[in-house]
J.: 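Here it is: the structure, laid out below.
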Number of protein chains: 2
Amino acid sequence: MLSQSIEDYLKVIYDIQSTDGKVTTTSLAGKLGIAPASVTGMLKKLSAKKLVTHKKYQGVQLTESGTKIALEVIRHHRLIELYLKEALGVPWDRVHEEAEKWEHVLSEDIEDRIDKFLGHPTSDPHGSPIPSRDGKIIERDCSCLADIEPGHKAVIAEVSDHDASMLRYLGELGFYPETNIVIDSVEPFNGPMKINIKNKIKILGREVARYIAVTDVKKVA
Amino acid sequence: MLSQSIEDYLKVIYDIQSTDGKVTTTSLAGKLGIAPASVTGMLKKLSAKKLVTHKKYQGVQLTESGTKIALEVIRHHRLIELYLKEALGVPWDRVHEEAEKWEHVLSEDIEDRIDKFLGHPTSDPHGSPIPSRDGKIIERDCSCLADIEPGHKAVIAEVSDHDASMLRYLGELGFYPETNIVIDSVEPFNGPMKINIKNKIKILGREVARYIAVTDVKKVA
DNA sequence: AATATAATTTAGGTATACCTAAATATAAAT
DNA sequence: ATTTATATTTAGGTATACCTAAATTATATT
């Protein structure tokens, strides 16, 4: 059995790896809220367990077995998030925090039961894909909402869960995954966007738009 | 925040206190699967935190605040056991093991949602009472099934969850809480009992019967 | 009451996972 | 190419929660 700490490291390494590409000691330390020196120590341990490859001063990469475990933890996390929302009505801005704890205590048996209850779902409440039991994950290629130009429509794919209050805010505005939107206008100098959701115009700051990923971007007819 | 270990100690201290009365270092060590010397160390810590009173060589007792926390952990444990059974169909011989892990990661919010989902239940799948949110627990006074004499009827109150395989066995025989039974005969020399459950005669060893508590014992008319 | 047995505590040690401060290596700026 | 700044690692230290072996206290037996 791997410790909760190790599971957390692997999860975050996977996350950074698939976002920024390179995983550095500092980026890990930042996301985990741990001192860089402590991260170095843990990377040695992960390396000794063949979960990552680590050359001094050169960052880390997940090995095959490290990836497998990372995806298991991510699967747990996202299944739990969706389960809490669907089965217990927990609002989407609180599921992440709970899942952070639950992901480490979920047995395979309960995982399967939750998966079945939810009808073998493929994405969590924020639109992030749920890896399959055998460690396959479908990463859609998305665009950043902040970069979409006026006169285009799109579908919200994913909303970052890094800030609960931002999720609450976006929920109030109706920015949920799978929602159709039209970008009406975009103000210059990193200014706000006018976005049409269900025939209502919403004003969204560009900073916030950075945390929303969209797909199916097309010019409006 | 208290550690998982501390929560486990308090829970087990409560359990022994309400069963055997006196809580000794050895009894704790036994139930927790920890060396007695280690228990001594932890008891010092619990004492420093005013969760127990501990005089050297004299065992421990929960303080008021220790009792409060113990009951919270027990409430978590038992709510989760029942939830796993009701919501996810987990068989009663497996819920204990899962709850041992989950009880430490349950937030007040989720606790309340589960409690509501279950309709504010008062006992878990094994018949143990669930403490209320404000720390009240109704301990019924039960008799041990092994001590009931022939010609008496009774109602199963509680079945010990200490051994999963025993629970599975008792489940197959139909020994669930709230079930009406009649003791038809009892063999001498610690011999087996003939018990009538739903008009079927079951033979139950006296050793196993020690782990079943009953209420409403009455002479059969 | 003295002795043997059992329970408990003390002493010293381990693994995990973190910390700060200092040293060293890499990358960026001049 | 040298200096400066940043990133990373090493060194030494802390808290938690466990361990074994030895010492001590309490309890039971004779």
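Side-chain atoms are counted along with the backbone in the values below, which use heavy atoms only and exclude waters and symmetry mates.
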J.: Pairing check on dA28(D): which nucleotide meets the Watson-Crick or G-U wobble criteria with it, both distances under 3.5 Å?
T.: dT3(C)
J.: Partners of Tyr211(B) by ring-ring contact (aromatic ring centres under 6.0 Å, His included), sequence neighbours excluded?
T.: His162(B)
J.: Indicate, with yes or no, if the rings of Trp92(A) and Tyr176(A) have centres closer together than 6.0 Å.
T.: yes
J.: Using a 4.0 Å heavy-atom cut-off to protein, can you give one letter per nucleotide of nucleotides 15-23 of chain D, 5' to 3': B if the base is in contact, S if only the sugar-phosphate is, - if neither?
T.: -SSSBBB--
J.: What I want to check is whether the side chains of Ser107(A) and Asp109(A) have a donor and an acceptor closer together than 3.5 Å.
T.: no
J.: Describe the nucleic acid contact of Thr40(B) in one word from base, sugar-phosphate, nothing, applying a heavy-atom distance below 4.0 Å.
T.: base
J.: Between Lys44(A) and dT10(D), is there a side-chain N or O to OP1/OP2 distance below 4.0 Å?
T.: yes
J.: Side chains of His104(B) and Asp8(B): donor-acceptor distance under 3.5 Å anywhere?
T.: yes
J.: Between atom CG in Leu28(A) and atom P in dT9(D), what is the gap in whole Å?
T.: 11 Å
J.: Pick from Glu98(B), Glu103(B), Glu97(B): which one makes a salt bridge (Lys or Arg N to Asp or Glu O under 4.0 Å) with Lys101(B)?
T.: Glu98(B)
J.: How many Å lie between NZ on Lys55(B) and P on dT25(D), as a whole number?
T.: 18 Å
J.: Name the one of Thr215(A), Val214(A), Asp216(A) that satisfies side chain to side chain contact (heavy atoms under 4.5 Å, CB included) with Ser143(A)?
T.: Val214(A)
J.: Check whether any side-chain nitrogen or oxygen of Lys56(B) sits under 4.0 Å from OP1 or OP2 of dA26(D), and answer yes or no.
T.: no
